[in-house]
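Take a look at the structure set out below.
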Amino acid sequence: MWFQKELQLKPRPRGFHLITDEIILGINELKNFKVGLANLFIKHTSASLTINENASPDVRVDLESYFNKYVPENASFYEHTTEGPDDMPAHIKASLMGASLNIPIKDGRLNLGTWQGVYLCEHRNHGGSRKIVVTISGETYE
Amino acid sequence: MWFQKELQLKPRPRGFHLITDEIILGINELKNFKVGLANLFIKHTSASLTINENASPDVRVDLESYFNKYVPENASFYEHTTEGPDDMPAHIKASLMGASLNIPIKDGRLNLGTWQGVYLCEHRNHGGSRKIVVTISGETYE
Amino acid sequence: MWFQKELQLKPRPRGFHLITDEIILGINELKNFKVGLANLFIKHTSASLTINENASPDVRVDLESYFNKYVPENASFYEHTTEGPDDMPAHIKASLMGASLNIPIKDGRLNLGTWQGVYLCEHRNHGGSRKIVVTISGETYE
């Protein structure tokens, strides 16, 4: 059994954002799957998806600080500079984190750990509304 | 055909650990799948999974050294410090490496390259026993 | 419906390479899938796969520059040095980027964003021809 849907996230500022609830609200069909996998795929190259701690907001602040320090703007060796100082670092961060997540489904729910949440990693200053393709496959309740 | 099972790994010290055999021993059902995919998903935000060289143990030592140097403890900009100096670096490493692997299955076995093995990346000093959800889908032998 | 095939890529020099077309040409069966997922899995530990910008070639140049600077050769702490100065950095880069991609399929095509392409990240100076296992599952047109 297959299901695919494109979600349009609300725009968010640069940084790491917990979006588990927005994703789940967008895929009402999830509850039909007894067992399966959900693939979340972001259709952009300057934002990414990751799974991390769903409790302390300071984890998200520190992730943003870390990646800004270790993937700096205006590095002297960048050649791709015409789209602004936040663009090339955004591409690098996108490859470090990745464009997709694969999350197991059990009993109609995402089978995440207690402390796990889905993050949108918005690497641009003004990234706008991002598109995520959700593809679910699995066994449904009859 | 779908199969899902939660494995509880034996506790390991901080570092990179080859766990291919422990995973395979835990999923006896793998041999029933002629073709398919295995998703390994770690239910934690301070440990991760990766695929790397299954031969020289010094690759695992160097990976640990590298990540300790480039994701340092006690960085001055960390705000999330109450859970110990190894906690925030663990969250960063978890997002750099990722929570899940997707490995093709062929003829009842993981279709890995000759030198590939599955690693548990334990980023905490005392992470304890980690849980991995294994989800397999594919075509079984009749 | 399941499909699996091993592709042998043509050899490429060290660096980031756009291989979307080579992959698609190798999987003619893709057009049969109305909805699904394609898993691309590289069977090596010194090369990786990522998704990034398919337009400006300077993005690929800057990615190579970035990873060479932040995953240096000849770091004093490397113990795994017998296979050449490019080997241990290649293993680290492979774990940072990852061995596999999962891309949604819609209407017989990869459901990528407008600016997304599939990259081979060749981390060795002379990596030779790399093998990628493509596994597709989904609903086919009857």
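This one's a predicted model, so the numbers in the text were calculated from it and none came from an experiment. Sequence lines set the chain letters: A, B, ... in the order given, protein chains first and strands last, and positions in each chain run from 1.
- A:Arg130 and A:His44 are linked by a side-chain donor-acceptor pair at a separation below 3.5 angstrom, with hydrogens and angles left out of the test.
- With a 4.5 Å cut-off on non-hydrogen atoms, A:Phe41 touches chain C through its side chain but not through its backbone.
- Contact of C:Phe67 with chain A is made through the side chain alone, with heavy-atom distances under 4.5 Å.
- Residues C:Leu49 and C:Met97 are not in side-chain contact: their nearest non-hydrogen atoms beyond the backbone lie 4.5 Å or more apart.
- Only the side chain of A:Ala99 comes within less than 4.5 Å of a heavy atom in chain C; its backbone stays farther off.
- Contact of A:Val134 with chain C is not made at all, since no heavy-atom distance falls under 4.5 Å.
- Considering only heavy-atom pairs separated by less than 4.5 Å from chain A, the leading option among C:Pro104, C:Gly113, C:Ser56, C:Ser65 is C:Pro104.
- Note on C:Asp107 versus C:Lys34: no salt bridge recorded, every NZ/NE/NH1/NH2 to OD/OE distance being 4.0 Å or above.
- Comparing C:Asn111, C:Thr114, C:Leu112, C:Leu96 by how many heavy-atom pairs each has under 4.5 Å with chain A, the most go to C:Asn111.
- Residue C:Ser48 does not touch chain A at all, counting heavy-atom pairs closer than 4.5 Å.
- Heavy atoms closer than 4.5 Å to chain C are found in both the backbone and the side chain of A:Ser95.
- Contacts of C:Tyr70 with chain A are made by side-chain atoms alone, with heavy-atom separations under 4.5 Å and no backbone atom involved.
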